[in-house]
Student: 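Sharing a structure below in structure tokens format, with a few things to ask.
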Amino acid sequence: MRYVGQRILFSILSLCVLLFITFLLSHVVSGDPAIVAAGPNAGADKIAAVRQEMGLDRPLLVQFWIYCSNILHGDLGTSWFTRQPIASDIIRELPPSLELVFVAMVINLAVSLPLGLLTARYAGTTFDDVVRLVVMAGAGLPIFWLAIILQQVVAGQWRLLPTAGRLGFENRDFTGATGFTLLDSLMQGRFDVFADALAHLVLPAFALTLLFTAVGVRITRTAMMGEFRKDYVVLARAKGASEGRIMVRHVFANGATPALTVFGMQFGWMLGATVLVEEIFGRPGIGRYAVKAVTQSDIHAVVAVVFVVGLVFLISNLVVDIALFLLTPRKHAGA
Amino acid sequence: MASLAPPTTDRPLLEIRDVSVALRTGNRTMVAGVSLAVRPREVFGIVGESGSGKTLLTRTLLGLQDDAYVAGGSVRFNGQDLPVNGYANKARKLLGHSIGFVPQDPFSSLNPSMRIGKQITEAIYLAKGWPMGAERTREAAIGLMAEVGIPEPALAFNQFPDQFSGGMRQRMVFAIALAQDPKLLVADEPTTALDAITQRRVIELILDRSRKHDLAVILISHNLELLRQSVGRIAVLYGGQLLNIVPSGDIGQSTIHPYTEALFDCIPTREKTLADIRSIPGEPVGAGFGLKGCAFASRCPYVVTACRTTDLPQNAGTASIFSACILGRGVH
Amino acid sequence: MRVLRRLLSFPKTNVERTAIVLGCLILLLALVGAFLVPFDPMKIDFRAKLQAPSMLHWLGTDGSGRDVLSRLLYGARLTLASTFAVIIVVVIIGCTIGIASAFVGGAVDNMLMRLADIWLGFPPLILALGFASALGASLEAAIWALIFSWWPNYARLSRMVTADILSQKFIASADALGVPTHRKVLHYVIPNAMDVMLIQIALDISAVMLAISGLSFIGVGAQIPAPEWGAMIADGRSYVSNGWWIVLAPGIAIFITAVSFNVIGDMLRRELDPTSRRR
Amino acid sequence: MVELKGVAKSFARRLFVQNRSFALRDINIAVGRGEVVGILGESGSGKSTVANIITCLTSYDGGSYRFKGRDIASYTRKERFAFKSDVQIVFQDPYGSLNPRATVRGSVMESLILHRPDLGRRERIERANALLEEVGLSADAGDRYPHEFSGGQRQRVAIARAIAVEPELLVLDEPLSSLDVSIQAQILELFVRMIRERDLTIVFISHDVNVVRLLCDRVYVMNQGAVVEEGFARDVLNHPQNEYTARLLDAVY
């Protein structure tokens with residue numbers, strides 16, 4: 001339990017650093033936030049008024065304090081492009097992105113874990129060489145380019161999957177309680193909508209995940225290789241355990257922990273990488289929201305996205321680490 | 001296993017003839033022409049410096065070495081011939097129930113994420129299936145843990161390896177080996193990572209329990225003095241060659257192979273003074289040195305030209321005492 | 001001579017040899033490509049727009065009639081120069097912090113590394129996006145943004161390697177001799193840390209390049225008429241149905257460069273990594 | 001020459017960091033000029049920490065350490081540096097104790113560069129070659145790097161490096177433990193020769209009772225951070241008075 005406490009403490013510390021970084025971005029790096037907030041056509045007196053209103057004439061430390069307390073109260077500022085509170089924008093945009101990342105993560109895990117384990121077991125064979133080459137190629141593909149090519153070829157030329165959007169035209173009015181289309185459609189028993197949503201997710205999820213899967217296979221392989229070299233594998237063989245049993249019961253159980261920690265981090269990184277994918281596939285989501293905000297120079301909205309993605313990242317890491325801790329009680333049990 | 005006739009006492013339990021071991025990459029022969037026999041209930045030692053091939057030889061014979069294979073010769077265990085083709089798989093099948101193995105490093109030889117009890121019951125299950133049901137298997141495992149001297153075995157059953165010292169862990173590894181109810185126990189440097197006091201306790205425990213369970217033991221070590229005090233016969237490996245099989249009582253007493261003699265002269269023991277210590281000049285020759293003749297020729301005080309040109313004599317009849325010295329030193 | 005012979009012994013497979021040849025070729029083109037370009041990469045000629053690859057325009061022309069090959073060659077310099085700029089600055093800043101942190105040790109070390117850990121964790125792309133848009137979109141902003149989000153990688157790595165070196169007995173031997181700190185850094189730490197840093201640099205080239213082109217693609221890096229590869233893809237998107245080559249060419253260029261440096265990095269890791277070499 | 005009086009050292013237990021070194025309690029050790037003194041103990045007994053204290057590689061938090069009659073704590077910066085040419089150490093691990101990126105001659109010359117600035121480059125090279133020869137390596141070995149040598153040869157280099165500054169006190173911290181049996185005897189013979197030919201005081205740290213018995217005049221037996229028995233090696237190691245020493249001696253093969 002002490003570990004969990006420490007882990008949570010670390011997350012809170014990370015949150016402070018995150019707040020500091022986003023504060024730095026919105027208040028220091030971007031120049032004078034008052035000029036930005038006052039809008040492009042404001043005169044000097046308007047800017048001064050805004051400055052006073054935003055508390056920008058006060059010392060930085062006080063500003064940081066105001067900034068933090070605003071955010072902790074759920075106030076991320078107002079987008080001067082959508083004229084909406086940024087917080088409500090993000091709450092609307094987050095579910096489709098999380099849905100996309102979730103599907104991409106499922107593909108990632110389903111490919112990385114078995115492939116990493118097998119290439120570690122058969123290291124040095126032709127199978128290993130081929131996988132490594134494919135992985136290396138995958139790690140060199142720009143996500144956004146892959147997305148365009150997939151969209152043009154698989155959806156455009158072959159017409160195998162829908163080109164863009166989140167749902168087909170016939171389901172455009174579908175809504176649900178959670179905002180996660182896959183979940184909502186299942187809850188309402190609308191399997192046609194579920195299939196439609198999934199079809200719309202395949203290409204973007206694949207484009208999003210490829211780079212991460214390439215890294216995932218490598219990480220898993222390295223972790224498993226280290227385990228295969230240990231003497232407990234020899235002892236398991238000496239017991240007469242089959243290779244399959246050794247791989248699953250012994251090696252995987254030990255090697256998965258460090259690998260899964262990385263996958264936990266990848267969740268947040270993928271959410272960040274949606275900026276490269278969502279816009280191409282015309283999907284709603286915070287990636288597209290961020291890109292739009294960037295083109296409109298809507299700094300507060302961009303920084304808010306940075307903050308939210310960072311927050312999701314912190315939470316997913318925390319969840320993964322605590323889950324792993326609870327699942328593998330060794331090591332910490334005696335400490 | 002039940003179909004095999006019980007071995008008679010004069011029949012060797014493990015007999016290897018002219019066995020050579022080669023690496024999978026490059027097919028380099030690392031160990032060549034080793035012949036020896038271990039009888040049931042015998043305590044047998046294998047000594048060698050690092051690179052002598054002692055670990056490679058035994059691990060390969062047990063089918064545990066991924067990067068090496070038995071390249072030639074014949075292996076017979078408990079009256080059953082093991083073919084050289086597909087040797088590793090065949091040998092591996094024997095391990096679960098006939099041969100127990102204790103590897104060197106107790107800190108990595110137990111699965112860190114599996115409870116101790118589970119690791120022992122797994123060994124019982126793999127060797128015998130579940131003939132007695134989960135509860136009886138658990139009791140058997142706890143019984144074994146008590147037998148190898150683990151205090152509060154029922155408590156330790158549910159704990160993880162990292163809560164125990166090196167000596168305790170090595171006892172658990174030994175319990176796993178005993179759980180298979182084997183006929184032969186192979187212990188590869190089981191106490192090298194341990195302190196002197198623990199070392200002696202673990203060695204004595206292994207020998208004592210093995211006697212009780214009618215096990216033959218092969219104890220591998222770099223420590224000639226330890227083997228001299230613990231086992232009956234010692235096989236001496238150097239540069240991938242079997243140079244000597246010597247009764248431990250002969251060491252320091254009668255004429256033995258020049259290498260064994262030189263090795264014994266190197267080690268400080270209780271009785272020796274500084275004047276008794278004589279080092280061997282030069283560096284040890286590693287296994288797979290690829291020279292003709294005797295591997296020890298380059299450092300041997302008795303060396304003659306023939307040592308470097310004549311093929312090494314073989315222990316073709318797997319005699320219980322053997323010296324590979326062409327000068328006849330230590331040959332009975 | 002000795003170093004060269006050792007370098008030449010590194011590649012073990014044809015894939016690796018190809019990667020090295022390609023890597024060198026790309027670097028060479030980035031250096032001299034701008035002088036070889038057959039056409040002005042920025043010259044707009046609407047009469048020549050959207051021409052498919054031909055003998056005159058090997059890789060066709062884009063929506064404004066600019067020669068794609070010329071832009072690609074010109075862009076090689078832009079893309080790679082920004083990549084190396086990021087890496088050089090990041091290595092200098094990161095290693096200074098990392099080595100100093102390992103030497104100082106204690107609470108300062110602990111704090112710096114926690115900070116680097118947290119920093120490192122945040123999705124680099126989104127962090128850079130925030131930074132770049134705060135600075136105002138431009139290639140320089142993207143470069144600063146990546147430096148801003150990438151330094152902890154090297155701080156952490158160099159601190160880890162240094163701490164590992166400092167824990168070894170040859171440092172204790174040096175301490176027993178009274179070797180002063182600056183000499184320890186120059187003669188003991190840096191030569192022994194070099195290999196690991198080199199591996200990381202080779203592997204990071206492709207990662208940084210992908211990030212830069214990604215930022216340019218979204219619009220916070222190089223701005224559109226500039227022949228940066230990511231910006232070229234963004235520019236080509238509008239013509240993808242009647243000018244596929246405009247998008248395809250820069251993508252393949254990024255892909256080949258990234259894979260080549262990945263393979264080279266992987267090879268260096270195999271040949272230089274102390275964990276695979278010692279003993 | 002060395003006088004440790006009531007030296008103690010505790011290790012602050014940091015959060016979640018298991019410290020494997022043991023604390024020292026009330027260590028009294030005296031080493032006279034020209035003596036060969038053994039410190040015998042199992043792993044975790046604190047014997048290596050004592051070695052590090054004697055060579056000033058680590059601090060202590062209680063008691064006093066007098067070297068040649070003067071308290072170490074009163075040393076100036078300059079004296080501290082000079083101390084390092086009086087006291088040298090050879091470690092157990094011959095793989096880690098040489099800078100992998102320096103030639104072995106470079107490693108030996110490092111000592112001379114720091115402590116004999118009066119020597120020219122030529123002289124340093126000659127001296128380094130002579131030292132390498134003294135420990136049984138050929139002079140042309142000097143251009144090679146540590147990874148090209150075996151464990152025993154590296155240990156010879158480490159010894160040459162240590163004696164290059166002509167120390168009065170040489171601390172040997174388990175110098176034989178990771179070597180092969182036949183090489184152990186070679187290095188042991190080298191030590192015996194060095195003791196005979198050079199004016200050296202030696203502190204020999206070891207877990208090996210038999211080696212200590214052979215080499216040392218006097219011995220301190222350590223267990224769990226304290227000295228449990230001391231005396232002439234032939235007395236202590238043949239007729240132990242302490243219960244732990246007796247157990248240790250019984251266990252040794």
Side-chain angles (χ1 to χ4, degrees), chain B residues 47-52 162-163 165-167 191-204 221-231 236 238 248 259-286 296 299-300, chain D residues 18 20 36 40-45 47 136-137 149-156 176-193 195-196 206-217 221 223-224 233-234 237-238 243-253:
Chain B
V47 75
E49 294 178 86
S50 54
S52 63
D162 64 330
Q163 282 155 287
S165 68
T191 56
T192 306
L194 306 177
D195 275 334
I197 295 174
T198 324
Q199 156 161 298
R200 183 156 214 132
R201 282 196 195 138
V202 171
I203 290 281
E204 281 172 359
S221 177
H222 69 282
N223 189 339
L224 182 60
E225 186 60 16
L226 181 153
L227 290 179
R228 194 173 73 93
Q229 292 182 30
S230 311
V231 308
V236 183
Y238 182 80
S248 49
Y259 174 62
T260 318
E261 188 181 280
L263 195 61
F264 186 66
D265 282 344
C266 283
I267 24 179
T269 64
R270 218 168 271 242
E271 295 81 18
K272 288 184 190 171
T273 64
L274 211 46
D276 297 325
I277 305 291
R278 276 181 295 274
S279 68
I280 313 175
E283 294 278 333
V285 170
F296 190 55
R299 304 168 82 188
C300 183
Chain D
Q18 285 272 324
R20 294 191 49 201
V36 180
L40 183 64
E42 295 187 291
S43 55
S45 63
K47 59 186 191 302
L137 292 168
F149 291 93
S150 69
Q153 288 167 326
R154 282 185 228 200
Q155 202 59 306
R156 288 174 193 271
L176 305 177
S177 301
S178 48
L179 302 176
D180 262 324
V181 181
S182 67
I183 305 300
Q184 280 188 15
Q186 291 178 3
I187 303 292
L188 192 65
E189 282 173 356
L190 176 62
F191 287 146
V192 172
R193 207 182 73 216
I195 294 167
R196 218 173 29 228
S206 180
H207 71 281
D208 190 329
V209 175
N210 292 324
V211 175
V212 171
R213 192 196 326 257
L214 285 181
L215 201 64
C216 300
D217 307 323
V221 182
N223 183 30
Q224 295 185 351
R234 59 173 181 277
L237 300 183
N238 291 324
E243 181 266 345
Y244 171 78
T245 317
R247 251 191 320 143
L248 182 64
L249 290 178
D250 272 347
V252 168
Y253 284 98

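Remember, it's a predicted structure, so these values are computed and weren't measured experimentally. So that the names make sense, note that chain A is the first sequence line, chain B the second, and so on, each numbered from 1.
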Student: For B:I197, is there any backbone N or O sitting under 3.5 Å from a side-chain donor or acceptor partner on D:E42?
Tutor: yes
Student: What's the spacing between B:I277 CD1 and D:L214 CG if we round to 0.5 Å?
Tutor: 5.0 Å
Student: Heavy atoms, side chains only, cut-off 4.5 Å: are D:D180 and B:H222 in contact?
Tutor: no
Student: Donor-acceptor check, side chain of D:Q186 to backbone of B:I280, threshold 3.5 angstrom: yes or no?
Tutor: yes
Student: Looking only at atom types and distance, does a side-chain atom of B:R200 sit under 3.5 Å from a main-chain N or O of D:V252, one as donor and one as acceptor?
Tutor: yes
Student: What part of D:L237 is in contact with chain B, defined as an atom under 4.5 angstrom from a non-hydrogen atom: side chain, backbone, both or neither?
Tutor: neither
Student: Where on D:R247 is there a heavy atom nearer than 4.5 Å to chain B: the side chain, the backbone, both, or neither?
Tutor: both
Student: For the OG atom of D:S182 and the CG atom of B:D265, what is their distance to the nearest 0.5 Å?
Tutor: 12.0 Å
Student: Just give me the residue among B:G51, B:A262, B:P281, B:A196 that pairs up with chain D most often, heavy atom to heavy atom, under 4.5 Å.
Tutor: B:A196
Student: Using modelled atom types only, decide if a donor and an acceptor are shared between the side chain of D:Q184 and the backbone of B:C266 within a distance under 3.5 Å.
Tutor: no
Student: State, to 0.1 Å, how close D:N210 and B:T269 come at their nearest heavy-atom pair, and which atoms those are.
Tutor: OD1-C, 3.6 Å
Student: I'd like to know whether B:L274 forms a side-chain contact (heavy atoms from CB on, under 4.5 Å) with D:V192, so could you lay out the CA-CA distance, the side-chain angles of the two residues, the decisive distance to 0.1 Å, and finally the verdict.
Tutor: CA-CA 9 Å; B:L274 211 46; D:V192 172; 3.8 Å; yes
Student: Which value, rounded to the nearest 0.5 Å, describes the distance between B:Q229 atom CD and D:Y253 atom OH?
Tutor: 7.0 Å
Student: Where does D:V209 contact chain B at under 4.5 Å (heavy atoms): side chain, backbone, both or neither?
Tutor: neither
Student: With no hydrogens and no angle check, is any side-chain donor or acceptor of B:R270 less than 3.5 Å from a backbone partner on D:L249?
Tutor: yes
Student: Among the options B:D195, B:I203, B:D276, pick out the one with the most heavy-atom pairs lying under 4.5 Å from chain D.
Tutor: B:D195
Student: Measure distances from B:R228 to the heavy atoms of chain D and classify the residue's part below 4.5 Å as side chain, backbone, both or neither.
Tutor: neither
